[in-house]
Amino acid sequence: MSMDAKELIARRVALELHNRTLVNLGIGLPTLVARYVPPGIRVAFQSENGILGFDTRPPEGMENPDLTDAGGSPISALPGAWSFDSATSFALIRGGHLDMTVLGGLQVDAAGRLANWMVPGRMVAGMGGAMDLVVGARRVVVAMQHAAKGEPKIVPELTLPPTAARRITLVVTDLAVIEPTDEGLLLRERAPGVTVDQIVAATGAQMLIRGTVPEMPIAPAPEGAPG
Amino acid sequence: MSMDAKELIARRVALELHNRTLVNLGIGLPTLVARYVPPGIRVAFQSENGILGFDTRPPEGMENPDLTDAGGSPISALPGAWSFDSATSFALIRGGHLDMTVLGGLQVDAAGRLANWMVPGRMVAGMGGAMDLVVGARRVVVAMQHAAKGEPKIVPELTLPPTAARRITLVVTDLAVIEPTDEGLLLRERAPGVTVDQIVAATGAQMLIRGTVPEMPIAPAPEGAPG
Amino acid sequence: MRIAINAEEAAKLVPDGASVMVAGFLGVGTPERLVEALVARGARGLTVIGNDTARPGLGIGKLIDAGCVARVVASHIGTNPVTQRKMLAGEIQVDLVPQGTLAERIRAGGAGLGGVLTPTGVGTAAADGKRVIELDGREFLLEPPLRADVALLHAHEADHFFNLAYRLTATNFNPVMALAADCVIAEADEVVPIGVIPPDAVRTSGILVDYLVARGR
Amino acid sequence: MRIAINAEEAAKLVPDGASVMVAGFLGVGTPERLVEALVARGARGLTVIGNDTARPGLGIGKLIDAGCVARVVASHIGTNPVTQRKMLAGEIQVDLVPQGTLAERIRAGGAGLGGVLTPTGVGTAAADGKRVIELDGREFLLEPPLRADVALLHAHEADHFFNLAYRLTATNFNPVMALAADCVIAEADEVVPIGVIPPDAVRTSGILVDYLVARGR
């Protein structure tokens, strides 16, 4: 089996999807999760710019300028979709109507806090909908590379500005699945072929390791797709 | 000319309608104002249960159970009407989008405060939308009989619970038009055939009387209507 | 496609003592079959949150008549003398809330907001016991969000995914209540296939609706 | 029936230094002809309130490119390097607001509410200088309402009374901005006779729209 880090992460995150729930996928890596919805699971994906039940990009020439995702790319809509204004969109997000959001991360710390919107000294982008998503979604799954340029992204304490005070639910990386708990960061799973020692070495924060750490399961690749 | 007190009040209030504005008419006497919209004036009437641009009751057999006014009576809708939910309805009301509301009154005092929702000791009905309307409409016109059972309804200080702290815009009664101002209640107009002395005698609060008080103009009766 | 339940089953989902949002304005936009099923089940001790209690024999009025209700949160009960009488007799507790504040408190409950800052009610009996916040020299009441165990909705159309569309003044409290309860049960005048209600016409997504009541046979 | 104006006339209604809400999300749902007319007029010193500044050459990005803007209130400027560069150069002041808070502050401005109590931003840089209100042991930021001198809207359809209907994700900030400005100017892809947009499909009433921009010839 050959797959890159992003695909691995997306296929592991896909197993967190609960049937008949509303899910928001952040821009970038999290978007990939939509490709690996497990068989038998039906979720509605929300895009914070105002649609629930969107579909992938339509064939060339069938794009509608009034129908895009939160990254501004053309999308389609599934039968039964709902379009709505921005206040309603964030009523859904802040009001706890999302079972899960999947977001990228710059850092996660030992307390389970996430930083993903700003690096002081670098060009400022803005938080967009990230702060609302982290506060409002019932479960916040962070999908990110375990390290950036050799530097651990899982750290004892955030050195970047936090996105929210709230403790996130799960971190899925190319090396491990880690769950922030009351006692600290719990190492739940390791990526195929990766040892616990390798994970510990690549992690800046202390982790709880209880017994044998199983290999992470991943969602099957969709039919017709390579891999 | 023969007309009853309610018609007189309604026809005087109708002259307060501004072209191309949004107006809410309370249940009861204020509803009559819609009959006397002056020629050349176009207003949109809002009903707080969720419609803008409604029309009078449709002919027998053409009522729709999903289309009623705030009193629960069947109405029709004009072309170009808008229907909306209760939160939006009160966003319009509270947000200052109504040029005017016309409400009935139990008491108005020398400070221009209105009481119209509750008489202690009597059966409690509830404020419904009245408190929001008095706070939110740009102009609040109170349409009421000058006295009730011989007792003045315009009083030095409210003895009934106020509907809002705000000073209302105008009081139109079967005897007079009175404007609450910084200096006090200003007697602006007297009803046809009514003397200033009669008004003073029927009014519990002090009024400002400046020079000659003109007779109140009233909107014409619609064509085909008696009067 | 999802499976509708009948009104009798729906009524069992509303336990005695539950808080229940019932949409409607003087009965218009109220799910009458759900209300009748609650009466038939003999529900007791409900806290009903709604604009009003309609009239005896209509909408929420049926619940009042049948003794299902211990407490009412509403903007107006003047159209229902039974509610008034039971309030005076101490059988029903009535909390009166200005109509715009009621709508906004329910919206806040569904939107995850901490409360509502409204100018409505300042200087009146509606301010009793409320926290007053001064902002830029103006006073506002801090009104708490409202949520309920169950919301009972009425739609004009529902599709097989339970997307809902409302009609004219029967819309009223339905869309805001759909977000503000742990369990959302809807009844519709018509049920249509998915896609018949286009995305811009859907007012409440089926993802928010837990149960749809099957049409009467 | 009402009379539409052309985009050039509309641009004159937006004085230099005005605060302007511009609807849209990365340019989708932004009134491009109005934006272009503002650029053509050489508008200066505008405070622009919108979700983002799109990209150079698109939507609000055109106003940024042309030097019309002194201040931006937005949730995100990461898609527009010109905005970022001008911010660093001190030519444009940028106030970043979480997207849901931005939508809700605009809604509060239009709905007459004193502010927004949101859990979003507590414990982050978004809380700097904000009043924190504790309710039932939870903390909320008190965010002030937002209003503007002018709102520029884009609709899919307008009728001759200026009722507006939006389409799919081009809806975004349009309906809330329609209530939150002293002067509301809309442009539409299509103009239809009154009655073509049924009451339940209208999203912004023509009574709230001061000016409609005529279709290009």
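Every chain is numbered from 1, with letters handed out A, B, ... down the list of sequences.
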Do other residues, nucleotides or ligands put more than 12 heavy atoms under 6.0 Å from the OH atom of Tyr211(C)?
-> no

Quick one: what part of Arg107(C) sits under 4.5 Å from any heavy atom of chain B, side chain, backbone, both or neither?
-> side chain

Side chain, backbone, both or neither: which part of Phe84(B) has a heavy atom under 4.5 Å from chain C?
-> backbone

Is it true that the side chains of Asp132(B) and Thr120(C) contain a donor and an acceptor less than 3.5 Å apart?
-> yes

So how far is it from Asn64(B) CG to Arg167(C) CZ, rounded to the nearest 0.5 Å?
-> 6.5 Å

Would you call Thr171(C) and Asp66(B) a side-chain contact if the rule is heavy atoms closer than 4.5 Å?
-> no

Selection from Ala74(C), Ala170(C), Pro81(C) maximising heavy-atom pairs under 4.5 Å formed with chain B = Ala170(C)

Under 4.5 Å from a heavy atom of chain C, the part of Ser89(B) involved = neither

Pick whichever of Pro98(C), Ala127(C), Gly121(C) has the most heavy-atom pairs under 4.5 Å with chain B.
-> Pro98(C)

Bottom line for Phe25(C): the part with an atom under 4.5 Å from chain B's heavy atoms is side chain

Using a cut-off of under 4.5 Å on heavy-atom pairs, state which of Ser75(C), Ala126(C), Pro119(C) scores highest against chain B.
-> Ser75(C)

Leu26(C) versus chain B, the contacting section by heavy-atom distance below 4.5 Å | side chain

Honestly, the part of Val122(C) sitting under 4.5 Å from a heavy atom of chain B is backbone

When only pairs under 4.5 Å are counted, which of Arg166(B), Met123(B), Met118(B) shares the most heavy-atom pairs with chain C?
-> Met123(B)

Please say whether more than 12 non-hydrogen atoms of neighbouring residues, nucleotides or ligands are located less than 6.0 Å from NZ in Lys6(B).
-> no

Would a 4.5 Å heavy-atom cut-off, applied to side chains only, mark Val124(B) and Gln84(C) as touching?
-> no

Side chain from CB out, backbone as N, CA, C, O: work out which of these in Asn80(C) comes under 4.5 Å of a heavy atom of chain B, or both, or neither.
-> neither

Looking only at Ala54(C), Ala103(C), Ala125(C), Gly29(C), most heavy-atom pairs under 4.5 Å shared with chain B are made by Ala103(C)

Per-residue tally against chain C (heavy atom, under 4.5 Å) across Gly136(B), Ala70(B), Gly50(B), Ala91(B) peaks at Ala70(B)

Separation between CD (Glu48(B)) and OG1 (Thr169(C)), nearest 0.5 Å, reads 11.5 Å

Chain C contact via Thr163(B) - which portion, at a heavy-atom distance below 4.5 Å | backbone

Could you look at Pro175(C) and say if it's the side chain, the backbone, both or neither that has a heavy atom under 4.5 Å from chain B?
-> side chain

Name the region of Pro162(B), side chain, backbone, both or neither, that has any atom closer than 4.5 Å to a heavy atom of chain C.
-> both

Name the member of Ser86(B), Ser47(B), Ser83(B) that forms the most heavy-atom pairs with chain C at distances under 4.5 Å.
-> Ser86(B)

Answer whether the closest heavy-atom distance between the side chains of Glu104(C) and Phe90(B) falls below 4.5 Å.
-> no

Which answer fits Ile106(C), side chain, backbone, both or neither, if we ask what part of it has an atom under 4.5 Å from a heavy atom of chain B?
-> neither

Taking all heavy atoms of Ala87(B) and all of Val176(C), pick out the closest pair and write down the distance.
-> CB-CG1, 3.8 Å

Which bit of Val97(C) comes within less than 4.5 Å of chain B, counting heavy atoms only: side chain, backbone, both or neither?
-> backbone

Over all atoms of both residues, closest heavy-atom pair of Gly100(C) and Arg94(B) = O-NH2, 3.1 Å

Interatomic distance, OG1@Thr124(C) vs CE@Met127(B), rounded to 0.5 Å, equals 6.5 Å

In terms of heavy-atom proximity below 4.5 Å to chain C, should Ile93(B) be classed as side chain, backbone, both, or neither?
-> neither

For Thr101(C), is it the side chain, the backbone, both or neither that has a heavy atom under 4.5 Å from a heavy atom of chain B?
-> both

Segment of Trp82(B) engaging chain C (4.5 angstrom heavy-atom cut-off) = neither

